[in-house]
Amino acid sequence: QVRLVESGGGLVQAGDSLRLACAVSGRTFTAYAMGWFRQYPGKERELVAATSWNSGRTLYADSVKGRFTIVRDNAKNMVSLQMNSLTLEDTAVYYCAAAQTFSRVVTGGGDYWGQGTQVTVSS
């Protein structure tokens with residue numbers, strides 16, 4: 001069993017930065033590709049960013065390219081999402097996910113999920 005715990009969400013103003021963190025435990029961290037997803041009320045979760053097990057591949061949603069950065073630290077079993085230049089449209093619940101393959105993460109098929117953390121951007 002793999003456990004993912006997100007932290008770092010909160011209320012910020014438009015233009016601010018925020019860093020989300022996801023701590024992973026239970027299995028070999030490097031066995032998993034990792035992703036960050038977000039969900040708007042009444043909508044399905046959508047991929048924000050993904051990274052392969054060794055950070056050799058990354059992928060970002062068009063809406064966050066150039067503003068968000070996914071970073072994994074295999075020594076600490078953590079993956080983070082640095083979010084800069086936040087806009088009102090970034091307000092959502094953000095989830096961390098782990099999957100056995102990079103392709104599975106980018107197609108939205110996480111094997112394990114965190115509980116989510118709320119990010120609210122105000123004007």
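In this chain, numbering begins with 1 at the start of the sequence shown. These values consider heavy atoms only, across backbone and side chains, with no hydrogens, waters or symmetry-generated copies.
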Considering all heavy atoms, the nearest [X]-[Y] contact:
X: Ala92; Y: Gln39; result: CB-O, 3.5 Å
X: Gly110; Y: Ala97; result: CA-CB, 4.4 Å
X: Ser55; Y: Arg72; result: OG-CG, 3.1 Å
X: Ser85; Y: Ser17; result: N-OG, 4.3 Å

With a 3.5 Å distance limit and no angle check, can you tell me whether [X] reaches the backbone of [Y] through a side-chain donor-acceptor pair?
X: Arg3; Y: Gly114; value: no
X: Thr117; Y: Gly9; value: yes
X: Thr28; Y: Ala31; value: no
X: Glu6; Y: Gln115; value: yes
X: Ser52; Y: Ala33; value: no

Original post:
Under the side chain to side chain contact (heavy atoms under 4.5 Å, CB included) criterion, do Thr87 and Val121 qualify, and how do the steps go?
Top reply: CA-CA 6 Å; Thr87 71; Val121 184; 5.7 Å; no
Is there side-chain contact between [X] and [Y], with heavy atoms separated by less than 4.5 Å?
X: Met78; Y: Val24; result: no
X: Asp90; Y: Arg67; result: yes
X: Tyr112; Y: Cys96; result: no
X: Phe29; Y: Lys76; result: no
X: Val71; Y: Val79; result: no
X: Thr58; Y: Ile70; result: yes
X: Thr69; Y: Met83; result: no

Original post:
side chain to side chain contact (heavy atoms under 4.5 Å, CB included) with Gln13: which residues, sequence neighbours excluded?
Top reply: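 Side chain to side chain contact (heavy atoms under 4.5 Å, CB included) list for Gln13, sorted by chain: Asp16, Ser122.
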Once you round to the nearest 0.5 Å, how far does [atom1] of [X] lie from [atom2] of [Y]?
X: Leu4; Y: Asp111; atom1: CG; atom2: CG; result: 10.5 Å
X: Ser7; Y: Leu20; atom1: OG; atom2: CG; result: 8.0 Å
X: Thr91; Y: Leu88; atom1: OG1; atom2: CG; result: 6.0 Å

**OP:** Give every residue pair that meets the ring-ring contact (aromatic ring centres under 6.0 Å, His included) criterion with at least one member in residues 40-73, sequence neighbours excluded.
**Re:**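 Every candidate ring-ring contact (aromatic ring centres under 6.0 Å, His included) pair involving residues 40-73 fails, so no pair, neighbours aside, qualifies.
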Residues in salt bridge (Lys or Arg N to Asp or Glu O under 4.0 Å) contact with [X], at least two apart in sequence or another chain:
X: Asp73; answer: none
X: Arg19; answer: none
X: Lys65; answer: Asp62

Original post:
With clusters built from Ile, Leu, Val, Met, Phe, Trp and Tyr whose side-chain heavy atoms come within less than 4.5 Å, directly or transitively, what are the remaining members of the cluster of Phe102, listed by chain and number?
Top reply: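 When side chains under 4.5 Å apart are linked, the cluster holding Phe102 also contains Phe37, Leu47, Leu59, Val93, Tyr95, Val105, Val106, Trp113.
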Under a 3.5 Å threshold, yes or no: a donor from one side chain and an acceptor from the other, between [X] and [Y]?
X: Ser63; Y: Arg38; result: yes
X: Thr120; Y: Gln118; result: yes
X: Thr30; Y: Asn74; result: no

Original post:
Looking at Tyr94, is Arg45 sitting on its ring face, NZ or CZ under 6.0 Å from the six-membered ring centre and within 45 degrees of the normal?
Top reply: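 Negative - Arg45 is either too far from the ring of Tyr94 or too far off its axis.
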